Q: 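The structure is given below, and queries will be raised subsequently.
Remember, it's a predicted structure, so these values are computed and weren't measured experimentally. All heavy atoms count here, side chains included; hydrogens, waters and symmetry mates do not.
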Amino acid sequence: MWVTIMKPLRRWEPSGTTYADQLALMTAAQLARRHSLRHRDAEPAGRQVGLSDRQFAAVRELLDARLSEPLSLEDLASAAGLSVSQFARRFKARTGCPPHRYLVRLRVEQAARLLRAGTMPIAQVAAACGFFHQEHLTRVLRSHLGTTPAALRRER
């Protein structure tokens with residue numbers, strides 16, 4: 001049943017894979033936490049909480065290189081040399097947000113730069129930044145920045 005639910009989420013948008021992976025991981029973690037016999041209030045002493053500078057740099061390099069492509073949590077965790085669950089926890093501790101939200105923010109920032117700086121058609125900007133189409137870019141920009149691609153372009 002879970003696979004049936006997750007399939008449409010993975011195809012929802014280019015970052016849908018990351019979102020679906022994060023959703024599954026959070027659900028599994030919540031179930032494990034709720035049904036665990038041992039409760040943890042904090043990380044054990046001496047354990048690393050966030051990604052190291054080297055790990056974060058490797059993940060950022062992958063995100064920048066593949067910004068327009070679908071990225072899974074497995075891809076990102078592999079770049080950091082961690083399991084998916086460790087990666088998701090440490091990434092959020094380092095950045096303050098889950099990987100999917102961070103990826104969308106990077107895509108929004110890149111789209112805004114391209115729209116303000118150039119004359120590339122909005123549909124091409126959308127594709128270059130990992131959005132399915134122009135309307136998808138418009139919806140996400142309105143949600144994150146409270147504006148549209150055309151309005152950003154006029155700000156030049």
Q: Over all heavy atoms of both residues, which pair between Leu114 and Arg153 is shortest? Give the atoms and the distance, please.
A: O-NH2, 4.2 Å
Q: Between CZ of Arg66 and CG of Leu76, what distance do you get to the nearest 0.5 Å?
A: 8.0 Å
Q: Do other residues, nucleotides or ligands put more than 12 heavy atoms under 6.0 Å from Glu61 CD?
A: no
Q: Going from SG on Cys129 to NE2 on His136, what distance comes out if it is rounded to the nearest 0.5 angstrom?
A: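 NE2 of His136 is found 11.5 Å from SG of Cys129.
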Q: How many angstroms lie between atom CG of Leu63 and atom CD of Glu69, to the nearest 0.5 angstrom?
A: 11.0 Å
Q: Taking CZ in Arg101 as the centre, count heavy atoms belonging to other residues, nucleotides or ligands within less than 6.0 Å. Is the count above 12?
A: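 Count not over threshold, so no.
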Q: Please step through salt bridge (charged side-chain N to carboxylate O under 4.0 Å, His left out) for the pair Asp53 and Arg94, ending with a clear verdict.
A: CA-CA 9 Å; Asp53 290 342; Arg94 170 78 187 237; 3.0 Å; yes
Q: Report the distance from atom CZ of Phe132 to atom CZ of Arg139, rounding to the nearest 0.5 Å.
A: 10.0 Å
Q: Any side-chain hydrogen bond (donor to acceptor under 3.5 Å, both in side chains) pairs touching residues 108-133, not counting sequence neighbours?
A: Gln110-Arg113, Arg116-Glu155
Q: Any ring-ring contact (aromatic ring centres under 6.0 Å, His included) involving residues 56-82? Give me the pairs, sequence neighbours left out, ordered by first then second residue.
A: none
Q: What is the minimum heavy-atom distance between Gln86 and Leu82, and which atoms define it?
A: OE1-CD2, 3.7 Å
Q: Counting only N and O atoms by type, is there a donor-acceptor contact under 3.5 Å from the side chain of Ser78 to the main-chain atoms of Glu74?
A: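 Judged by distance alone, no pair lies under 3.5 Å.
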Q: Can you check side-chain contact (heavy atoms from CB on, under 4.5 Å) on Phe131 and Val125, steps first, answer last?
A: CA-CA 8 Å; Phe131 298 99; Val125 170; over 6 Å; no
Q: Locate the shortest heavy-atom distance separating Thr138 from Thr148; write the atom from each residue and the value.
A: CG2-CG2, 4.4 Å
Q: What closest approach, in Å, do Pro99 and Phe91 show between heavy atoms, and which atom pair accounts for it?
A: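 Nearest pair, atom of Pro99 first, then Phe91: CA-CE2, 3.5 Å.
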Q: Give the C-alpha distance, both sets of side-chain angles, the deciding distance and a yes or no for side-chain contact (heavy atoms from CB on, under 4.5 Å) between Leu141 and Leu115.
A: CA-CA 11 Å; Leu141 285 180; Leu115 289 165; 3.8 Å; yes
Q: Quick check: closest heavy atoms across Leu51 and Ala80, and the distance to 0.1 Å?
A: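 Between these two residues, the closest heavy atoms are CD2-CB, 4.3 Å.
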Q: Looking at Ser68 and Ala128, what are the two nearest heavy atoms and their distance?
A: CB-O, 3.3 Å
Q: Could you please spell out the steps behind the side-chain contact (heavy atoms from CB on, under 4.5 Å) verdict for His144 and Val104?
A: CA-CA 9 Å; His144 284 257; Val104 170; 3.5 Å; yes
Q: Kindly indicate whether the side chain of Val108, heavy atoms from C-beta on, has any atom under 4.5 Å from the side chain of Leu137.
A: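 Not touching, per the 4.5 Å side-chain cut-off.
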Q: Begin with the C-alpha distance, continue with both residues' side-chain angles, and end with the deciding distance and a verdict on side-chain contact (heavy atoms from CB on, under 4.5 Å) for Arg60 and Leu106.
A: CA-CA 10 Å; Arg60 267 310 300 257; Leu106 290 178; 3.7 Å; yes
